[in-house]
Amino acid sequence: MTLPAIGIPVITIDGPSASGKGTVAERVAVALGFHFLDSGALYRLTALSALKHGVVLDDEIRIAELAATLPARFHDGGVWLADENVTDAIRTETVGEGASKVAALPAVRAALLDRQRAYRLPPGLVADGRDMGTVVFADAVAKVFLTASAEARAERRYKQLIEKGNSASLSGLVADMRARDARDTARSVAPLKPAPDALLLDTTCMDIESAVQAVLSHYRSKQ
Ligand code: DC
């Protein structure tokens with residue numbers, strides 16, 4: 001088990017799918033010169049790896065083995081699984097669905113715990129996910145729970161898909177968003193919920209820049 005990296009500040013940004021937490025977290029990390037952990041990418045990589053190896057998504061033992069030995073690399077803004085650039089492959093709806101399923105398996109979460117904590121390096125870390133403030137970095141200096149209505153989040157996802165030339169149904173996306181929220185919130189291990197000491201930030205009517213500034217001023221107020 002990794003010892004807590006005492007003294008290295010961590011800012012956690014948790015929240016549901018498409019709440020904008022990834023973009024906000026990345027910009028906060030750039031503004032502070034901190035490292036950035038997209039923990040959802042590790043669950044997505046685990047699901048992709050299971051799909052590639054033909055492992056069914058409820059085979060907890062085999063998937064935990066894959067998670068523990070993931071040849072994952074993040075560099076140049078891309079995500080790699082061994083020598084394969086999987087930046088786009090991990091963002092498909094199929095892999096997102098799979099990630100939500102494997103993320104409900106306790107052994108998989110345990111297998112990814114030390115790997116996530118290893119990203120806590122000087123001068124600091126901004127980590128985004130579902131359980132960053134409640135489990136993985138429970139001692140974080142500043143915690144934020146970013147949310148937005150399911151409709152607003154579905155609309156953002158819809159725009160992204162259309163911009164990339166994909167077809168999409170808004171009502172289908174609202175339904176998917178609700179189903180994924182329900183699964184992430186209802187699971188017994190590390191469910192999606194705000195840490196008791198988290199700042200709640202509802203971005204339904206807020207642009208990205210305002211959300212970034214709100215997180216930065218929350219962090220400064222904790223220093
Ligand atoms: O943030 P995302 O959409 O890339 O996450 C993909 C899935 O992984 C999502 O369904 C929830 C799960 N996840 C999790 O359980 N814990 C995290 N810290 C990050 C993601």
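Treat the numbers as computed from the prediction; the structure is a model and nothing was measured. In each ligand, atom 1 is the first atom listed, and ligand 1 is the first ligand listed. This chain uses plain numbering: 1 for the first residue, then up along the sequence.
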Should we count [atom1] of [X] as having more than 12 external heavy atoms under 6.0 Å?
{"X": "Ile61", "atom1": "CD1", "value": "no"}
{"X": "Asn166", "atom1": "CG", "value": "yes"}
{"X": "Asp83", "atom1": "CG", "value": "no"}

If you have a sec, work out which protein heavy atom is nearest [atom] and how many Å separate them, to one decimal?
{"atom": "atom 17 (C) of ligand 1", "answer": "Arg130 N, 3.4 Å"}
{"atom": "atom 16 (N) of ligand 1", "answer": "Arg109 NH2, 3.0 Å"}
{"atom": "atom 19 (C) of ligand 1", "answer": "Ser39 OG, 3.4 Å"}
{"atom": "atom 7 (C) of ligand 1", "answer": "Ala99 CB, 3.7 Å"}
{"atom": "atom 8 (O) of ligand 1", "answer": "Tyr43 CB, 3.5 Å"}

For this session: May I ask you to check whether Arg183 and Ser100 show a side-chain donor-acceptor distance below 3.5 Å?
Result: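 The criterion, which ignores hydrogens and geometry beyond distance, is satisfied for Ser100 and Arg183.
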
Exercise. Can you list the ligand 1 atoms lying under 4.0 Å from a non-hydrogen atom of Lys21?
Worked result: 1 (O)

Between [X] and ligand 1, which part of the residue brings a heavy atom under 4.0 Å of the ligand: side chain, backbone, both or neither?
{"X": "Arg44", "answer": "side chain"}
{"X": "Asp184", "answer": "side chain"}
{"X": "Arg187", "answer": "side chain"}

For this session: For the pair Lys193 and Asp181, find out whether any cationic side-chain nitrogen is under 4.0 Å from an anionic carboxylate oxygen.
Result: no

Problem set entry | Within-cut-off N or O pair, Asp128 and ligand 1, under 3.5 Å | no

For this session: Working to the nearest 0.5 Å, report the span between CZ of Phe145 and OG of Ser19.
Result: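 Going from CZ on Phe145 over to OG on Ser19, the span is 8.0 Å.
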
For this session: Name the option, out of Ala47, Ala103, Gly96, Gly15, that contains the heavy atom nearest to atom 12 (C) of ligand 1.
Result: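 Looking at heavy atoms only, the winner is Ala103.
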
Exercise. Given Pro191, Gly40, Ser19, Ala18, which one has a non-hydrogen atom that is nearest to atom 20 (C) of ligand 1?
Worked result: Gly40

For this session: Report yes or no: do Phe36 and Met132 belong to one cluster of Ile/Leu/Val/Met/Phe/Trp/Tyr joined by side chain heavy-atom distances under 4.5 Å?
Result: no

